[in-house]
Amino acid sequence: MPELPEVEVSRLGITPWLVNETITRVIVRDSRLRWPVPLELSQAEGLPIKAVVRRAKYLLIDIGIANIVLHLGMSGKLRIVDAATPTVKHDHIDIVLGSGKCLRYNDPRRFGACLWQPLGTTLKQLTNLGPEPLTDEFDGERLHMLSRGRKTPVKSFIMDNDTVVGVGNIYANEALFMAGIHPKRSAGNISRERYKHLALDIKAVLTKAIEQGGTTLKDFAQTDGNPGYFKQHLRVYGRTGLPCERCETPIKSMVIGQRNTFFCSVCQR
DNA sequence: AACATAACCTGGTGGC
DNA sequence: TGCCACCAGGTTATGT
């Protein structure tokens, strides 16, 4: 479900319901996520939420003594519901609020995570992350510098969290189309000038997707239950065989790094 | 270090 | 209708 835009849309959706609310109870129905859900979570009970922050695809719920760290994996979803709302399959965690609402975490595949990060510490999952794509720390200069001597396909390179965080399969495909770069081209074989364009296109596609409420493929929903509307803007992802919007050539697909990859063999070189 | 590959898990889809 | 193979938005662990 979530790349950076979908996580950011989730953050924007839940934040107004959480900030300044007190956590009255934490209910863990199934702790078998990517890592076992920590018992320390119960220490959150009675504490007010100060902020909800995103780093890469992680959401950090700041409760002063610690951050509750959430990751949605491939299929995780967050909803704000009345605490009394009956649960459905895969509703693994509730964070119940003084308002009577609750933040409900649902994740069929259980690739997601809920972690506990005490104040002043940093989880290993949050160390060694590259820069946020929508900050000035990330630019074409960085892509060019880090890619020198690298043979890995440029698509794998930009999806690597050491390079830049938050670029998943959908938006990697889209940004490479926008930049006119073939996804399989060796990262080290791309000029500084082309990387400048690519960095700007990554920023542009992520920004646009956030504005559109993310991309709903099958089951992503904003926290109000509405779908994201970026799907209608996808130019290559999932469009195998359909005409390229720029040159009419059928979009091709191939597997790169275990991920399905979509591109126009004429527009992308 | 760099790179490739398997693995984690469930559900939806399409073919027969 | 049923069965089965295959695919999916991410990340980590392991092997060369």
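In the text below, chain A, chain B and the rest are named by the order of the sequence lines, each starting its count at 1.
Per the geometry, CG belonging to A/Asn128 stands 14 Å off P belonging to C/dT11, to the nearest Å. Spacing between atom CG of A/Leu126 and atom C1' of C/dT12 amounts to 14 Å, rounded to whole angstrom units. With rounding to whole Å, A/Asn106 atom CG is found 12 Å from B/dG11 atom C1'. Look at CG on A/Leu33: it is 14 Å from C1' on C/dT11, rounded to the nearest Å. Atom P of nucleotide B/dA1 and atom CG of A/Leu146 are separated by 14 Å, given to the nearest angstrom. One atom, NE2 of A/His90, and another, C1' of B/dT10, lie 6 Å apart when rounded to the nearest Å. C/dG10 atom P lies 17 Å from atom CG of A/Leu70, rounded to whole Å. For the pair A/Lys231 NZ and C/dA8 P, the computed distance is 14 Å after rounding to whole Å.
Consecutive Watson-Crick or G-U pairs involving DNA chain B, each under 3.5 Å on both distances, make up stems of three or more pairs at B:2-8 with C:10-16, B:10-16 with C:2-8.
As rounded to the nearest Å, C/dC6 and B/dA6 have P atoms that lie 14 Å from one another. Nucleotides B/dT5 and C/dC7 have their P atoms positioned 16 Å apart, rounded to a whole Å. Using P as the reference atom, B/dG12 and C/dT11 are 23 Å apart when rounded to the nearest Å.
The salt bridge (Lys or Arg N to Asp or Glu O under 4.0 Å) contacts involving residues 243-258 of chain A comprise nothing, where partners must be two or more places apart or lie in separate chains. Counting only residues at least two apart or in different chains, salt bridge (Lys or Arg N to Asp or Glu O under 4.0 Å) contacts with residues 27-43 of chain A comprise A/Arg29-A/Asp94, A/Asp30-A/Arg32. Residue pairs satisfying the salt bridge (Lys or Arg N to Asp or Glu O under 4.0 Å) criterion with at least one member in residues 191-203 of chain A, sequence neighbours excluded, are listed as follows: A/Glu141-A/Arg192. Judged as a salt bridge (Lys or Arg N to Asp or Glu O under 4.0 Å), not a single pair has a partner in residues 174-186 of chain A (not counting sequence neighbours).
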Under 3.5 Å, side-chain donor or acceptor atoms of residues 58-71 of chain A against the rest of the protein: list the pairs with distances, not counting sequence neighbours.
unit_1, atom_1, unit_2, atom_2, d
A/Asp62, OD1, A/Gly64, N, 2.8
A/His71, ND1, A/Gly73, N, 2.8

List, one per line, each side-chain donor-acceptor pair under 3.5 Å for residues 113-126 of chain A, sequence neighbours excluded.
unit_1, atom_1, unit_2, atom_2, d
A/Gln117, OE1, A/Leu123, N, 2.9
A/Thr121, OG1, A/Pro118, O, 2.6

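Taking side-chain N and O atoms only, A/Tyr58 has no distance below 4.0 Å to OP1 or OP2 of C/dT11. Listed pair A/His71 / C/dG10 fails the phosphate criterion, with no side-chain N or O lying under 4.0 Å from OP1 or OP2. Here A/Arg259 reaches the OP1 or OP2 of C/dG9: one of its side-chain N or O atoms lies under 4.0 Å away. Taking only side-chain nitrogens and oxygens, A/Lys89 comes nearer than 4.0 Å to OP1 or OP2 of B/dG11. Taking only side-chain nitrogens and oxygens, A/Asn161 comes nearer than 4.0 Å to OP1 or OP2 of C/dT11.
If you find the closest nucleotide of DNA chain C to A/Tyr237 and to A/Gln125, the one lying nearer the 5' end belongs to A/Tyr237.
Aromatic rings of A/Tyr237 and A/Phe230 (six-membered ring for Trp) have centroids beyond the 6.0 Å cut-off, not under it.
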In the 5'-to-3' direction, what one-character label does each nucleotide of nucleotides 2-9 of chain B receive under the scheme B = base within less than 4.0 Å of a protein heavy atom, S = sugar-phosphate only, - = no such atom?
SSSBS-BB
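Using a 30° and 60° split on the angle between ring planes, A/His92 and A/Tyr105 fall in the tilted class, from 30° to 60°.
A/Asp82 and A/Lys101 are joined by a salt bridge, as a carboxylate oxygen and a charged side-chain nitrogen come within less than 4.0 angstrom of each other.
Alongside A/Ile27, the hydrophobic cluster contains A/Val96 (criterion: ILVMFWY side chains under 4.5 Å).
Residue contacts for A/Asn260: at a heavy-atom cut-off of 4.0 Å it reaches the sugar-phosphate backbone alone, with no base atom in range.
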